[in-house]
Amino acid sequence: MGPPRVRLAPSPTGYFHVGTARTALFNWLFARRHGGIFLLRIEDTDTERNREEWVDGIISALAWLGMAPDEGPSRQSERMERYGVALDALWEAGLLYGCDCTREQVVERTKDRPTPGYDGHCRTRRLPREGNALRFRVPSEGETVVHDIVRGVVTFRHDAMEDFVVARSNGEPLFVLANCVDDRDMQITHVIRGEELLPSAPKGILIWRALDAAAEGEAGWGEATALPAWAHLPTLVNEQRKKLSKRRDPVAVESYRDQGYLPEAMRNYLALLGWSPPAGEEKVPVATMIETFALEDVNHSPAFFDIKKMAHMNGEYIRDLPIDEFVDRARPWLEPAAEAAAGRWAPQSMPLPPWRPERYDGAVFRRMAPLVQERVTTMGEIPAMVDFLFLDTPAMDEQSWEKAVRRDDGAVALLRSAIDAYSSCRWDAGSLREATVAVGEAAGRKLAKAQAPIRVAVTGRTVGPPLFESLEELGRERVVGRLQASLDRAGESVAAAPAGGQAGGAVGGAVGGNPGPE
Ligand code: GLU
């Protein structure tokens, strides 16, 4: 046998689902492991539900995840004629029959039966092919066995299978037919896909064998071909162990990309959904995944798509980046407009950074970057970590204010002493720390308790990069101005301070005329 050929066969009906990404990954890993070919096939026969933008989404999501296909994309919509030839062959072999039953009629006739599905009403009616739906004559006896690498031997008894539809009354082929014809024509050796498609595997096998038989007759069909091997991958479930749903769960890969998940981290996390590397470690370089991936090791129990775990892993990957790469890769979130203007990718669904773009200073971010890198789990969290550096007046997070200033009786006095100390101390992180320790001691506080109101006053939040490096970067004037503005906000009027809450406006008065603590 030659190298394996595998495929991803998505229908372009929505955002790129994490489940599809996991399926793509397992196909891709399998192909890479065995020197095979990974194809992309767009199953777009359902013209009402398909949209071109979803096709673009599939292609760009795969490229982003580093799994661009080796062949394709091919499109089913361009192969309609071929499905017509297959239908001809099956019809001529007597394996199909026309059916004009409506769904309602079938439901009415079968409502008291133990087995659901079509009741074979039109089997012997000899309706013409034109204008009728076409059903496949499932043998009434025997069974079709799916030898599945993940799920083992799965047997489907024919008496429990209905005569399924392979073409609509307008002649349009159904998924199960087009899918089978394509897998044959594209010489697919392994069908690796989601578990929800397992029930359609016996139908595919029946069609496949029927086409083989037709090949031996004179129906104008191609040659008999070996059946592919099957591997149905475990369903992805949410925290409540329910199947992931488009409506309920955040499943769009595009949105994770926008939030600032790194593709290598996401790929690593997705690999763990049904598979684990032999050594049991979780963070695995892609080369190791490729070396060790085996479908035989895929587990069949449902896999929990744990966003918290994925975020944690993403944070680890972010911290592993060389600092210059971190800075470089942060750009779409820090300067989205400039990136988009330069024709590069920028997140679509994230709020813009709160500062005016011309106020952003890459050199400032570069200096702070090592401290930021330690503290984010997604790239999308970066702007909120550094916005206080690029805004005249940082937006005040009300909860932080409430907690660190309003409900802390000593906060106002502490901010006043900080203004005093910072007005004259040396301006570097070490000296600022010493000055703050002293301010804290005088107020009977440990450093952490002394820092909290200062941090909120200066940055607008209780969390952020380390305080003293942030103060050093902001500079004396802005820091003292913001502390002053916070005193104003707290309802304190400091005699010599000019009116107006604007941080910049308060600076002169605060530095020059501060009367000091009473
Ligand atoms: N087009 C099918 C789907 O989107 C997948 C078919 C397959 O992988 O065999 O569910």
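In what follows, residues are counted from 1 in the order of the sequence shown. Basis for what follows: all heavy atoms, side chains included, without hydrogens, waters or symmetry-related copies.
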Evaluate the ring planes of [X] and [Y], with Trp represented by its six-membered ring, and classify them as parallel (under 30°), tilted (30 to 60°) or perpendicular (over 60°).
| X | Y | result |
| --- | --- | --- |
| F326 | F365 | tilted |
| F390 | W355 | perpendicular |
| Y15 | W54 | perpendicular |

Show the numbers, then the answer: is there a salt bridge (charged side-chain N to carboxylate O under 4.0 Å, His left out) between D56 and R51?
-> CA-CA 9 Å; D56 296 341; R51 289 216 319 257; over 6 Å; no

More than 12 foreign heavy atoms under 6.0 Å from [atom1] of [X]: is that the case here?
| X | atom1 | answer |
| --- | --- | --- |
| H158 | NE2 | yes |
| Q399 | CD | no |
| F175 | CZ | yes |
| E52 | CD | yes |

Check salt bridge (Lys or Arg N to Asp or Glu O under 4.0 Å) between [X] and all other residues, then give those that pass, not counting sequence neighbours.
| X | result |
| --- | --- |
| E162 | none |
| D159 | R157 |
| E398 | R489 |
| R407 | E402 |

Those residues that, when tested against S169, pass side-chain hydrogen bond (donor to acceptor under 3.5 Å, both in side chains) (two or more places apart) =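 Partners of S169 by the side-chain hydrogen bond (donor to acceptor under 3.5 Å, both in side chains) criterion come out as none, since no residue qualifies.
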
Return the set of residues passing side-chain hydrogen bond (donor to acceptor under 3.5 Å, both in side chains) with S74 (not counting sequence neighbours), or none when no residue passes.
->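 So S74 forms no side-chain hydrogen bond (donor to acceptor under 3.5 Å, both in side chains) with any residue.
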
Nearest heavy-atom neighbours spanning [X] and [Y]:
| X | Y | result |
| --- | --- | --- |
| P228 | V191 | CG-CG2, 3.8 Å |
| W208 | T225 | NE1-O, 2.9 Å |
| P173 | R168 | O-NH1, 4.5 Å |

Checking [X] now: which residues fulfil side-chain contact (heavy atoms from CB on, under 4.5 Å) with it, not counting sequence neighbours?
| X | answer |
| --- | --- |
| R79 | R82, Y83, V181, D182, D185, M186 |
| E195 | R151, T235 |
| Q105 | C101, T102, R109 |
| Q187 | R5 |

Output yes when [X] and [Y] qualify as a salt bridge under the 4.0 Å nitrogen-oxygen rule, no when they do not.
| X | Y | answer |
| --- | --- | --- |
| R49 | D46 | yes |
| R461 | D387 | yes |
| K242 | D249 | no |
| D88 | R129 | yes |

Are F26 and W275 an aromatic pair by the rule of ring centers under 6.0 Å?
->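 So the answer is no for these two rings.
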
Checking Q373 side chain against L321 main chain: does a donor-acceptor pair fall under 3.5 Å?
->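 Yes; at least one donor-acceptor contact below 3.5 Å.
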
Any donor and acceptor pair, going by atom type alone, linking the side chain of Q348 with main-chain N or O of D258 inside 3.5 Å?
->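 Between the backbone of D258 and the side chain of Q348 there is no qualifying donor-acceptor contact (under 3.5 Å).
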
Only pairs under 3.5 Å count here: list side-chain donor-acceptor contacts from residues 280-288, not counting sequence neighbours, and write none if there are none.
{"residue": "E282", "atom": "OE1", "partner": "K309", "partner atom": "NZ", "Å": "3.3"}
{"residue": "E282", "atom": "OE2", "partner": "K309", "partner atom": "NZ", "Å": "3.0"}
{"residue": "K283", "atom": "NZ", "partner": "D320", "partner atom": "OD2", "Å": "2.5"}

Could you give all pairs that pass the side-chain hydrogen bond (donor to acceptor under 3.5 Å, both in side chains) test and reach residues 293-302, with sequence neighbours left out?
->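 Applying side-chain hydrogen bond (donor to acceptor under 3.5 Å, both in side chains) to every pair that reaches into residues 293-302, excluding sequence neighbours, yields N299-S301.
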
